[in-house]
Amino acid sequence: MKFVDEATLKVNAGNGGRGCVSFRREKFIPFGGPNGGNGGRGGSVWAVGDPNLNTLIDFRYARRHEARNGEQGRGSDQFGAAADDIVLRMPMGTIVTDLDAGSVIAELLVPGEKVLLAKGG
């Protein structure tokens, strides 16, 4: 087993789905009005401390993690479905930093602690 103590990841949150513009139109209802639905929420990316892991080998080759986009809304007041969140399990003591800003986002010291890396739309 290879020990990896440093990894560079690229994470992207999902975008929210587009809303729908729709108007209700029925024979005996003269002013039906709008009935379009909102788009679904995009998925977020979370980091979670796991006491059973001791290396970052899982992130050696899988470096890009993208959450899915929310579904678009439909007519008849149908809202789009929200996308699932992505949870990245990391060993305890992992320091998560933002390379662009050069700042520390979090340090995973508590088992099961969830840290938001990218918020979905």
Side-chain angles (χ1 to χ4, degrees):
M1 181 171 155
K2 194 167 196 170
F3 182 76
V4 177
D5 64 346
E6 200 172 298
T8 302
L9 303 177
K10 181 172 181 168
V11 296
N12 287 336
N15 295 326
R18 295 181 303 167
C20 175
V21 177
S22 174
F23 291 94
R24 180 177 172 193
R25 215 182 122 113
E26 296 179 25
K27 183 175 182 179
F28 297 109
I29 299 175
F31 301 107
N35 72 343
N38 294 332
R41 184 188 58 83
S44 299
V45 181
W46 296 85
V48 175
D50 187 357
N52 297 324
L53 296 177
N54 58 7
T55 181
L56 293 171
I57 192 72
D58 298 334
F59 303 110
R60 176 150 181 130
Y61 299 108
R63 295 186 177 183
R64 187 177 180 130
H65 300 276
E66 294 182 359
R68 299 190 63 164
N69 297 334
E71 289 185 10
Q72 63 184 5
R74 294 177 293 276
S76 301
D77 291 324
Q78 294 179 4
F79 288 69
D84 293 331
D85 293 340
I86 292 180
V87 178
L88 304 176
R89 296 166 20 114
M90 298 182 179
M92 301 305 299
T94 300
I95 299 173
V96 180
T97 59
D98 184 3
L99 290 180
D100 295 335
S103 61
V104 174
I105 296 174
E107 185 172 358
L108 303 174
L109 297 175
V110 179
E113 175 184 14
K114 288 179 80 172
V115 177
L116 183 64
L117 299 180
K119 183 174 168 72

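What you see is a predicted model; the values in this text were computed from it and never measured.
Shown here are the side-chain hydrogen bond (donor to acceptor under 3.5 Å, both in side chains) partners of N15, two or more places apart in sequence or in another chain: there are none. The ring-ring contact (aromatic ring centres under 6.0 Å, His included) check on F59 picks up H65, with sequence neighbours excluded. Applying the side-chain contact (heavy atoms from CB on, under 4.5 Å) test to A82 and every residue at least two apart in sequence or in another chain returns R41. Not counting sequence neighbours, the partners of A83 by the side-chain contact (heavy atoms from CB on, under 4.5 Å) test are R68. Residues forming a side-chain hydrogen bond (donor to acceptor under 3.5 Å, both in side chains) with Q78 (at least two apart in sequence, or on another chain): R74. Take E66 and apply the salt bridge (Lys or Arg N to Asp or Glu O under 4.0 Å) test, not counting sequence neighbours, and it matches R64.
Shortest non-hydrogen contact noted between A118 and N12 is CB-C, 4.5 Å. Scanning all heavy atoms of the two residues, the minimum distance from L116 to S44 falls at CD1-CB, 3.9 Å. When all heavy atoms are compared, the tightest approach of C20 to G75 is SG-N, 3.8 Å.
With a 4.5 Å cut-off between side-chain heavy atoms of Ile, Leu, Val, Met, Phe, Trp and Tyr, the cluster of V21 takes in F23. Other residues sharing the hydrophobic cluster of L53, ordered by chain and number and joined by side-chain separations under 4.5 Å: none, the residue standing alone.
The CH2 atom of W46 lies 9.0 Å from the CG atom of L117; values are rounded to the nearest 0.5 Å.
Listed by first and then second residue, the side-chain hydrogen bond (donor to acceptor under 3.5 Å, both in side chains) pairs involving residues 18-30 are R18-Q72, S22-N35, R24-E26 (not counting sequence neighbours). For residues 104-121, no pair satisfies salt bridge (Lys or Arg N to Asp or Glu O under 4.0 Å), with sequence neighbours left out.
Hydrophobic clustering (ILVMFWY, side-chain heavy atoms < 4.5 Å, transitive): I105 and L56 are in one cluster. Criterion: ILVMFWY side-chain heavy atoms under 4.5 Å apart, direct or through other members. Under it, V48 and V45 are not part of a common hydrophobic cluster.
The number of heavy-atom neighbours closer than 6.0 Å to CG of D58, taken from other residues, nucleotides and ligands shown, is above 12.
Counting only heavy atoms from C-beta outward, the side chains of I86 and V11 never approach each other to under 4.5 Å.
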Could you tabulate the donor-acceptor pairs under 3.5 Å formed by side-chain atoms of residues 90-104, not counting sequence neighbours?
| unit_1 | atom_1 | unit_2 | atom_2 | d |
| --- | --- | --- | --- | --- |
| T94 | OG1 | P91 | O | 2.6 |
| D98 | OD1 | D100 | N | 3.3 |

